Amino acid sequence: MGETSNKSANIAFKDENGSSQVIRLDIKTGTMGPTVLDVSKLYNDYGYFTFDPGFTSTSSCESKITYIDGEQGILLHRGYSISDLATQSDYLDVCYLLLNGELPNQKQKEGFNNQIVHHTMLHEQLLNFYRGFRRDAHPMAIMVGVVGALSSFYHDSLDIQDPKQRELASIRLIAKMPTIAAMAYKYAIGQPFMYPRNKYGFAENFLHMMFAVPSEEYPMNPILARAMDRILILHADHEQNASTSTVRLAGSSGANPFACIAAGIASLWGPAHGGANEAVLNMLKQIGNKNNIPEYIKRAKDKNDSFRLMGFGHRVYKNYDPRASVMRQTCFEVLESLGYKSDPLLELAMELEKIALEDNYFIEKKLYPNVDFYSGIIFRAMGIPTSMFTVLFAVARTVGWVAHWNEMIQDPTQKIGRPRQLYTGEKPRDYVPMAKRK
Ligand code: SDX
């Protein structure tokens, strides 16, 4: 548990009646990052709530999985930097690390890989779920539906108090997400589903299920497979973001793991969160060419205009998102490997980034490109349709959601999440029968 230092914060103030009050709060320190004031007993001891819409200054839990320093642009998974992991590990390495706290040795890696490989297929009846959707359904709608439905097929991994069943559910979710995602794509384009192949690695299998057809061998491009694996790593986990917090909150009620991950997928879908990669591509297409950039920068700064520069800004990073740096580099590698001499959208994105980073508004508000700014350009170059971008984010983030779900369940202090509120509604009033209503 976080160290409760023997120090405490004594907050002296005049309350709403003008009386002097002193509130004493325990101070907790972590391994790194801001010290916290423990307000868990504030209401019980002093009758006050805290107020923090959007949780900008609130830690919802204690965690050992991921650390972010937004000012420095640092992202660590179990202490390892994202750039080391993205350039030296593969996605299943990182999955093992996030779930177990250590990088796997060779034997552990082989065992984990074997577990994942043998859970990539879906119960055959699940394929019927796809036919209930319109062909033009957004694939995220299919992800929410099919992942939630997994709980009706895998009854031997629903008991969250059984560590073995939790592990099996975790493996099933990580292993099956690429299959479910690829099938959503195949369904949208009217091609037959491709089954997973055990001879492939995680990213290769996903590309195969997305782009292969039964009538011929799929020419695996090792550079694209490596790029896909790196992109999965870059999206694997990110502390207590909106979708991870959704999974934790759903899990705190004792909901089954498949329902919790379906809730996470739903939250990720929003354009302010995981839906931003799709929104960036649509924004770049809307901007069209470099001459229009000043107009859109102006709109992004206009309080009365709902337009925001998608792929820019972050609740935590007030510096360059370290994932965006790796993603930018990967962009060039993928485009070059695919023989692109240039990509008009990449050039537009780079010009937009350059202009924005020199603009006082973005400098003062510390708005930098985030993980979503470049990812869509790579996905598009790989032949992935825009509607599938957030689906890929969900495939990658499943391990993070599952790692936090497991950590939450094993936390001895865990209880159902139930925030309070500042009530500003009506005071008690007498009922008005219909006859007397105006
Ligand atoms: C992800 O949390 C995570 O870790 C998420 C994520 C993960 O891995 O899980 O990193 C993934 O979701 C990345 C973010 C993707 N979203 C986008 O790119 C959408 C565009 N960005 C914005 O919507 C916004 O920056 C957020 C939602 C990302 C962050 O919003 P905050 O922290 O609530 O900040 P804010 O909205 O209060 O903005 C602070 C100021 C505001 O101006 P003022 O009201 O102070 O005058 O900055 C402005 C905002 O208007 N601002 C922007 C802007 N982002 C913030 N202005 C123009 N364009 C933008 N993109």
Side-chain angles (χ1 to χ4, degrees), residues 52-60 63 65-71 73-77 82 86 94 98 231-248 264-284 286-287 293 295-327 349 352-353 355-357 359-377 389-390 392-401 403-404:
D52 184 14
F55 313 120
T56 49
S57 307
T58 294
S59 52
S60 60
S63 181
I65 298 171
T66 289
Y67 174 73
I68 302 172
D69 179 330
E71 296 304 325
I74 290 169
L75 169 57
L76 306 177
H77 292 318
I82 190 63
V94 174
L98 289 169
I231 291 169
L232 292 170
I233 292 173
L234 293 173
H235 289 81
D237 187 51
H238 212 240
E239 199 211 67
Q240 307 307 325
N241 59 84
S243 53
T244 300
S245 298
T246 300
V247 170
R248 278 179 171 264
I265 296 170
S267 172
L268 186 76
W269 195 356
H273 188 17
N277 51 21
E278 178 177 353
V280 167
L281 246 291
N282 294 334
M283 174 189 74
L284 291 172
Q286 187 186 355
I287 294 173
I293 290 177
E295 176 211 336
Y296 281 88
I297 294 274
K298 185 163 171 280
R299 285 189 57 193
K301 292 156 47 172
D302 178 357
K303 285 280 147 263
N304 301 316
D305 190 328
S306 62
F307 175 79
R308 284 204 167 168
L309 218 46
M310 302 316 280
F312 260 77
H314 199 277
R315 169 60 56 76
V316 177
Y317 289 125
K318 302 308 171 191
N319 198 323
Y320 212 99
D321 181 337
R323 301 168 297 175
S325 313
V326 180
M327 198 71 80
L352 179 60
E353 176 190 14
I355 295 173
L357 293 184
D359 183 292
N360 270 337
Y361 175 90
F362 292 87
I363 294 168
E364 281 158 22
K365 293 182 185 300
K366 298 182 178 178
L367 303 175
Y368 292 85
N370 57 50
V371 67
D372 293 304
F373 189 65
Y374 285 103
S375 55
I377 295 166
F389 290 1
T390 309
L392 296 194
F393 196 149
V395 168
R397 184 54 59 88
T398 296
V399 63
W401 291 332
H404 282 274

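Both counts, for ligands and for their atoms, begin at 1 and track the order of listing. Quick caveat, the model's predicted, so the values are computed rather than measured.
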Just need the protein heavy atom nearest to atom 14 (C) of ligand 1, so name the residue and atom and give the distance. N370 ND2, 3.5 Å
For atom 10 (O) of ligand 1, is some protein heavy-atom partner under 4.0 Å away? yes
As an exercise, state the distance from OH of Y374 to CE of M327, rounded to the nearest 0.5 Å. 11.5 Å
When rounded to the nearest 0.5 angstrom, what distance separates CG in L75 from CG in D321? 7.5 Å
Heteroatom proximity flag, A272 to ligand 1, N/O under 3.5 Å: yes
List the steps, then state whether side chain to side chain contact (heavy atoms under 4.5 Å, CB included) holds for F389 with S375. CA-CA 8 Å; F389 290 1; S375 55; over 6 Å; no
Calculate, to the nearest 0.5 Å, the distance between atoms CZ and OG1 belonging to R397 and T244 respectively. 5.0 Å
Could you please spell out the steps behind the side-chain hydrogen bond (donor to acceptor under 3.5 Å, both in side chains) verdict for D237 and T66? CA-CA 7 Å; D237 187 51; T66 289; 2.5 Å; yes
Identify the protein heavy atom lying closest to atom 17 (C) of ligand 1, giving its residue, its atom name and the separation to 0.1 Å. A276 CB, 3.5 Å
Return a yes/no value for H273: is any of its N or O atoms, backbone included, closer than 3.5 angstrom to an N or O of ligand 1? yes
Specify the protein heavy atom at minimum distance from atom 15 (C) of ligand 1: its residue, its atom name, and the distance to 0.1 Å. D372 OD2, 3.3 Å
Just to be sure I read this right, does ligand 1 sit under 4.0 Å from the backbone of A242, its side chain, both, or neither, counting only heavy atoms? neither
Ligand 1 contacted by G275 (non-hydrogen, < 4.0 Å): no
d(D52 CG, S60 OG) to nearest 0.5 Å is 11.0 Å
Apply the test side-chain hydrogen bond (donor to acceptor under 3.5 Å, both in side chains) to residues H314 and Y320: give CA-CA distance (whole Å), side-chain angles for both, the deciding distance (0.1 Å), then the verdict. CA-CA 10 Å; H314 199 277; Y320 212 99; over 6 Å; no
Evaluate Y361 for polar contact with ligand 1, using N/O atom pairs at a separation under 3.5 Å. yes
Top protein contact for atom 19 (C) of ligand 1, by heavy-atom distance: M310 CE, 3.5 Å
So is R397 polar-close to ligand 1, meaning N/O to N/O under 3.5 Å? yes
Taking atom 55 (C) of ligand 1 as the reference point, the nearest protein heavy atom with its distance: L367 CD2, 3.6 Å
Any heavy atom of Q240 closer to ligand 1 than 4.0 angstrom? no
Checking the N or O distance criterion of under 3.5 Å, is ligand 1 in contact with F312? yes
Can you confirm whether something in the protein, heavy atoms only, sits under 4.0 Å from atom 43 (P) of ligand 1? yes
Measuring only between side-chain heavy atoms, which start at C-beta, is L284 closer than 4.5 Å to L352? yes
Check: Q240 main-chain N/O paired with S245 side-chain donor or acceptor under 3.5 Å: yes
Looking at atom 40 (C) of ligand 1, what's its closest protein heavy atom, distance included? K365 CD, 4.0 Å
With a cutoff of 4.0 Å, is V316 in contact with ligand 1, counting heavy atoms of the residue only? no
Of the options H238, E71, K366, which is the one that meets Y317 in a side chain to side chain donor-acceptor pair (under 3.5 Å)? H238
For atom 2 (O) of ligand 1, find the nearest protein heavy atom and state the residue, atom name and distance (0.1 Å precision). N241 CB, 3.4 Å
Atom 26 (C) of ligand 1 touched by protein (heavy atom, under 4.0 Å): no
Taking atom CD1 of I297 and atom CG of D302, what is their separation to the nearest 0.5 Å? 13.0 Å
Taking distance alone, with N or O pairs closer than 3.5 Å, would you say G311 contacts ligand 1? yes
Shortest reach to atom 60 (N) of ligand 1 by a heavy atom, considering only L309, D302, T66, L75: L309
Hey, is the main chain of N241 close enough, under 3.5 Å, to the side chain of R315 for a donor-acceptor pair? no
Salt bridge between D305 and K298, side-chain N to carboxylate O under 4.0 Å? no
Nearest protein heavy atom to atom 50 (O) of ligand 1, by residue and atom, and its distance? R308 NH2, 2.9 Å
For atom 28 (C) of ligand 1, which of the options G313, A300, S243 provides the nearest non-hydrogen atom? G313
Candidate pair Q286 and N282, rule side chain to side chain contact (heavy atoms under 4.5 Å, CB included), full reasoning: CA-CA 6 Å; Q286 187 186 355; N282 294 334; over 6 Å; no
Protein heavy atoms near atom 5 (C) of ligand 1, is at least one of them under 4.0 angstrom away? yes
Which option wins on minimum heavy-atom distance to atom 33 (O) of ligand 1: H235, E364, R323, R315? R315
Working to the nearest 0.5 Å, report the span between OG1 of T246 and CG of L268. 9.5 Å
With a 4.0 Å cut-off on heavy atoms, is K303 in contact with ligand 1? yes
